[in-house]
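So you know, we letter chains A, B, ... as the sequences are listed, proteins then strands, and number each from 1. Scope of the values below: all heavy atoms of this structure, side chains included, with no hydrogens, waters or symmetry mates.
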Amino acid sequence: MGGLRTAESLRRTGFEGEITLLGAESEFPYNRPPLSKEYLLNPETKIHFNLNHDTLQSEFVLGDAAVRANLKEQTVSTEQGKTFTFDYLVAATGLRSRSLKFENNLLTKRFSLRTMSDTEKLRTAISSGMKVAILGAGFIGCELAATLTKLGCSVHVIAPEAIPLALALGEDFARVIQRNHEAQGVTFHMNTSVKDLIGEDDIRGVLLGDGTTIDCDILIEAVGSLTNVEWLADNNLDLSNGLLLDHALHAVTPEGSLTHVYGVGDIARFPYAHRQLPARRIEHWNIPIEMAKRVAKDICFQEGLDVADYSPTEVFRPLASFWSDQFDMHILSYGELHLATSTKLLDGDFDGEFVVGYYRDDELVGVAGLGMRGVLNTYRAEISI
Amino acid sequence: MIKVIVDMDKCQHYGQCVYEAPNIFKLNEEDKLEYLATADDSELGNIQAAVDICPMQAIQLIKE
């Protein structure tokens, strides 16, 4: 998605050079949010992005992962042994699922969810009446819990924190989500973790830290992700947590920024415009879209094209936004809730629809709500990042 | 002219489009999406941005 949006933005901004989109997956770019929801429920769901090849004028090289980049010589080589040269490189290689290791490290009937093929494998494996254990109570864990419950599975969610999604949304909001899930039949095992897997070939259950066991037919790990940046190694970049960038989204080295190398999307660790805080990655859906626009402008500017109102010193200050659909709950958020030191109920009540404000000292750094879109949106302009 | 089509079966009324193309999209008093089915060419950039940002990818733009 980050790559596609960059190519589209480049064409819209007037870039006329060659564009190659190199992707590890064999699929044309697709939208990931439905993977845990609509696409799992229904294989007919259309999830590929609409491509207009006439205006995009780009070459797609799919199913061949970048394995090495030489930024000095301006080349990228792939798994299948191809080498591409570039004037500008946009790194938008995203994330992969993290997987846990157990003593009894069974691998069958064990799933994660990040790609279309992950969803297809999971869809094939499940059927109504099955017992499913989900490790992790973040957005993917909770969305899967809702979808699999709808599909007739009996779902157990296991996670080390006290309340599902509390890390993302704060405790008050998260309690509402937990209550709603429980009312629909989801069982949570919180403040605990899986110590080992039970079974010989296929998984039969999991052993929790407190010694109790939970039977399951399949196990899904929704325990976070790792950044796909290994291919950028040996270029003097900071790859300690994604790819470190400067304000113009150029890759940073100890000798200064590389103005021909950009990062976009989940791997992009970029600085705050006005806060003395370390650079951060934001894994929200709208971020690659905002980054793509910025990168396209910067490339076109460097190419000497007339880019209206653009200056390379312009601060990059995107408003992050995410949403999540679980059962009948439609959650929407703006801002960076992780910055908050306190929260306040701004409107509604926790028994129905509501809007919560997230504050760092006295500054509003984010809002999130269940329903009440009109009210939620009025706070959008007040968020200060 | 630009034709705007929103798949209302997909739309979850998140209202992201409202910020990209406020002349075309709005949320009504019940927080439901309302939009203009045709727009002037000058709105192309804004509508394109709305198409891209829609979480449900429910908006289609047809240039006529």
Distance-only donor-acceptor hits, side chain of residues 44-52 of chain B, under 3.5 Å, sequence neighbours excluded:
unit_1	atom_1	unit_2	atom_2	d
B/Asn46	ND2	B/Glu43	OE1	3.3
B/Asp52	OD2	A/Arg12	NH1	2.9

Exercise. What part of A/Asn377 is in contact with chain B, defined as an atom under 4.5 angstrom from a non-hydrogen atom: side chain, backbone, both or neither?
Worked result: both
For this session: Please tell me if the side chains of A/Leu51 and A/Leu4 come closer than 4.5 Å, counting only heavy atoms from C-beta onward.
Result: yes
Exercise. Can you say whether A/Leu319 sits under 4.5 Å from chain B via the side chain, the backbone, both, or neither, judging by heavy atoms?
Worked result: neither
Exercise. Is it the side chain or the backbone of B/Ile53 that comes within 4.5 Å of chain A heavy atoms, both, or neither?
Worked result: both
Exercise. Would you find a donor on one side and an acceptor on the other, under 3.5 Å apart, between the side chain of A/His330 and the backbone of A/Asp325?
Worked result: no
Exercise. When only heavy atoms count and the cut-off is under 4.5 Å, which of residues 18-25 of chain B reach chain A?
Worked result: B/Tyr19, B/Glu20
Exercise. Within the side chain of A/Arg11, is there an N or O that forms a donor-acceptor pair under 3.5 Å with the backbone of A/Gln57?
Worked result: yes
For this session: Assign the ring pair A/His284 / A/Phe322 to parallel, tilted or perpendicular, where the plane angle (0 to 90°) is split at 30° and 60°.
Result: tilted
Exercise. Do side-chain atoms of B/Asp31 reach the backbone of A/Arg373 as a donor and acceptor pair under 3.5 angstrom?
Worked result: yes
Exercise. By a 4.5 Å heavy-atom criterion (distance strictly below it), what part of A/Ser321 contacts chain B: side chain, backbone, both, or neither?
Worked result: side chain
For this session: Measure from NZ or CZ of A/Arg380 to the centre of the six-membered ring of A/Tyr334 and say whether it is under 6.0 Å with the direction within 45° of the ring axis.
Result: yes
For this session: Ignoring hydrogens and angles, tell me if any N or O in the side chain of A/Asn42 forms a donor-acceptor pair with the backbone of A/Glu38 under 3.5 Å.
Result: no
